[in-house]
Number of protein chains: 2
Amino acid sequence: MEKEKTDKKDHILDVAERVFSDVGYDAASTRMISGEAGVNMAMLNYYFGSKEGLLVAVFERKIEVFRTVINNIGNDESMNAWDKLEKCIDSFIDKVVVNSCFSRLMNREIWLGRRSELTDKLSDIIMGNVNEFKRIFDEGISTGIFHKDTDVEMAIATIFGTKNYITNSTHLASKLLKRDVNDAEYMEQELKPRIKKYLKQLLNTYLLVK
Amino acid sequence: MEKEKTDKKDHILDVAERVFSDVGYDAASTRMISGEAGVNMAMLNYYFGSKEGLLVAVFERKIEVFRTVINNIGNDESMNAWDKLEKCIDSFIDKVVVNSCFSRLMNREIWLGRRSELTDKLSDIIMGNVNEFKRIFDEGISTGIFHKDTDVEMAIATIFGTKNYITNSTHLASKLLKRDVNDAEYMEQELKPRIKKYLKQLLNTYLLVK
DNA sequence: ACTAATTAATCAATCGCTTGATTAATTTTG
DNA sequence: CAAAATTAATCAAGCGATTGATTAATTAGT
């Protein structure tokens, strides 16, 4: 035997995640997913009830990954707010660039906002990240190392938005940066450090009381 | 007579733009669009050849609007680079928030990147805006009022990305800002000035040589 | 033997698109 | 100017293909 039994559902989820990410929810047909996964079409409904249920399952599998990464960041008592923020940015860029195609899928779904039950679930996940960042900003302000008139919500929009702008469209990003962002070597060795360095420097000058 | 004759195509484009923006390209059916526009289904193909041709037509109609707004910005000799950038940000936020649903449609299409002919066309439009910004940044650097180690591409990603993050999902933005961003009064009187002020302040501290 | 897993076959619905025919508008012709 | 010829605009109907989903039959696991 090559395959374990309980891995079947996970394998379907793997394929579904990739196909959804590649072509979008609407254009991804259940036949396409089942075909690539090497299972019968009816198995999708057998396991996940419906196509939308499959999408939800894809998202739910990642929730705990997101949550755990986030929660472990801001709770270190040995760092001040700025150090936490730097570490946050590092982890965020690392984590989300690796799963950039999933991140795209997530953004597309929340920006379309058609499946409201799912949109609510997704925005809650995102707001989990957002609120963790907000806690750090608030700590920085109350401890006096961040300017007290900092626009926290906009600064958060800048962190997430800047990253999204680079990672959501490899097409556009490659034109902007004049490099192929699909090149894993370039992404890992140059672009990721560049994004991190830039965001830290940008926020450093904006936030910190000199 | 209430309707002019040549306005028929424009009316279809108006409806198509709204429907595409609301539900996305895939989920928008030609029957839905023709029905809402009050024309026979076959007219869409008669006028625009295909559903994708209709989408292209929707985009093409906006190209000159984008182009003209951009080109008139950076060519004022009476301003220095920073003043130009401030004016750019103002115009950009004003223009793109009004057409936020169209902006969403455009972003979704370019982020999906499935219709490559269209994606190329769109990214060219966007790069037109981007390059106009870049020109201003370069001018600021060469005249010595911007830091010469400024990461221009990333700064551009911040301007566009921050705006996108706020306007692409009313759902998420409303949660983040704890206000209903669909409220036109709030958007016009508070949020738009807030975005402008924030972006200017953020870039001021990052860019300007003190 | 009995439950769970898997399959092939099929369902109704909807998709984008095309067709052939009809009407309205415009141009050509005598 | 008016009849004829041509073009443009509009319509109902339906095509083939594909969609997500379901059924009933079969296989595998315990």
Side-chain angles (χ1 to χ4, degrees), chain A residues 1-60 105 108-109 112 114-119, chain B residues 1-60 105 108-109 112 114-119:
Chain A
M1 297 285 175
E2 301 212 44
K3 297 176 182 179
E4 316 288 321
K5 46 204 305 191
T6 52
D7 285 340
K8 180 77 66 82
K9 287 179 68 172
D10 264 327
H11 176 240
I12 295 177
L13 287 175
D14 287 336
V15 174
E17 180 180 321
R18 208 194 64 244
V19 175
F20 279 143
S21 301
D22 283 345
V23 302
Y25 175 82
D26 287 306
S29 72
T30 54
R31 283 170 177 80
M32 195 187 297
I33 295 173
S34 62
E36 274 194 53
V39 301
N40 188 279
M41 235 200 57
M43 297 306 295
L44 302 190
N45 294 313
Y46 180 73
Y47 280 135
F48 307 103
S50 68
K51 182 188 179 184
E52 186 163 331
L54 175 59
L55 180 65
V56 173
V58 167
F59 280 124
E60 281 181 338
L105 170 62
R108 276 204 311 265
E109 277 305 313
L112 205 55
R114 198 145 37 84
R115 287 159 282 279
S116 59
E117 164 221 8
L118 179 60
T119 303
Chain B
M1 295 287 175
E2 302 214 42
K3 294 179 180 178
E4 316 286 321
K5 46 205 301 194
T6 53
D7 285 342
K8 182 73 70 77
K9 285 178 70 172
D10 264 327
H11 177 238
I12 295 177
L13 287 175
D14 287 335
V15 174
E17 179 181 322
R18 208 194 64 243
V19 174
F20 279 143
S21 301
D22 282 345
V23 303
Y25 176 81
D26 287 307
S29 73
T30 55
R31 284 170 176 81
M32 194 187 299
I33 295 173
S34 61
E36 275 193 54
V39 301
N40 188 275
M41 239 200 58
M43 298 306 297
L44 302 190
N45 293 322
Y46 179 73
Y47 280 133
F48 308 104
S50 66
K51 182 189 179 183
E52 184 163 331
L54 176 58
L55 180 66
V56 173
V58 166
F59 280 124
E60 280 180 339
L105 170 62
R108 277 204 309 266
E109 276 307 310
L112 204 55
R114 196 144 38 83
R115 286 159 284 279
S116 60
E117 166 221 5
L118 179 60
T119 304

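Remark: B:Tyr47 is in phosphate contact with D:dT10, judged by side-chain N or O atoms under 4.0 Å from OP1 or OP2. Remark: B:Lys9 is not in phosphate contact with D:dA9, judged by side-chain N or O atoms under 4.0 Å from OP1 or OP2. Proximity of A:Tyr46 to the phosphate of C:dA5: a side-chain N or O atom is located under 4.0 Å from OP1 or OP2. For the pair A:Ser29 and D:dT19, the criterion of a side-chain N or O lying under 4.0 Å from OP1 or OP2 is met. Between A:Asn40 and C:dT6 there is no side-chain polar atom (N or O) within less than 4.0 angstrom of OP1 or OP2.
A straight line from CZ of A:Phe48 to C1' of D:dT22 spans 18 Å, rounded to a whole angstrom. When the P atom of C:dC15 is taken as reference, atom CD1 of B:Ile33 falls 11 Å away, rounded to whole Å. One can place CZ of A:Arg31 at 10 Å from C1' of C:dT10, the figure rounded to the nearest angstrom. Nucleotide D:dT19 holds its P atom 13 Å from the CG atom of A:Leu44, rounded to whole Å. One can place CD of B:Glu52 at 15 Å from C1' of C:dC15, the figure rounded to the nearest angstrom. Atom CG of A:Asn45 is separated from atom C1' of D:dG20 by 7 Å (rounded to the nearest Å). Atom NZ in B:Lys51 sits about 15 Å away from atom P in C:dT14, given to the nearest Å. B:Met32 places its CE atom 17 Å from the P atom of C:dA13, with the value rounded to the nearest Å.
Comparing B:Thr30 and A:Met41 by the nucleotide of DNA chain C that holds the closest heavy atom to each, the one mapping nearer the 5' end is A:Met41.
Contact check for B:Leu55 versus B:Phe48: no side-chain heavy atoms found under the 4.5 Å cut-off. When side chains are defined from C-beta on, A:Tyr47 counts as touching A:Lys8, because their heavy atoms get closer than 4.5 Å. Taking the side chain as every heavy atom from C-beta outward, A:Tyr46 and A:Asn40 never approach each other to under 4.5 Å. B:Asn45 is not listed as a side-chain neighbour of B:Thr30, based on a closest heavy-atom distance of 4.5 Å or more.
A cation-pi contact links A:Lys51 to A:Tyr25, judged by a cut-off of 6.0 Å to the six-membered ring centre and 45° from its axis.
Heavy atoms of B:Ala28 sit under 4.0 angstrom from primed sugar atoms or phosphate atoms, though from no base atom.
Among the nucleotides C:dG16, D:dG20, D:dT23, the one closest to any side-chain atom of A:Ala42 is D:dT23. Looking at the side chain of B:Lys8, the nearest of the listed nucleotides D:dT10, C:dG16, C:dT7 is D:dT10.
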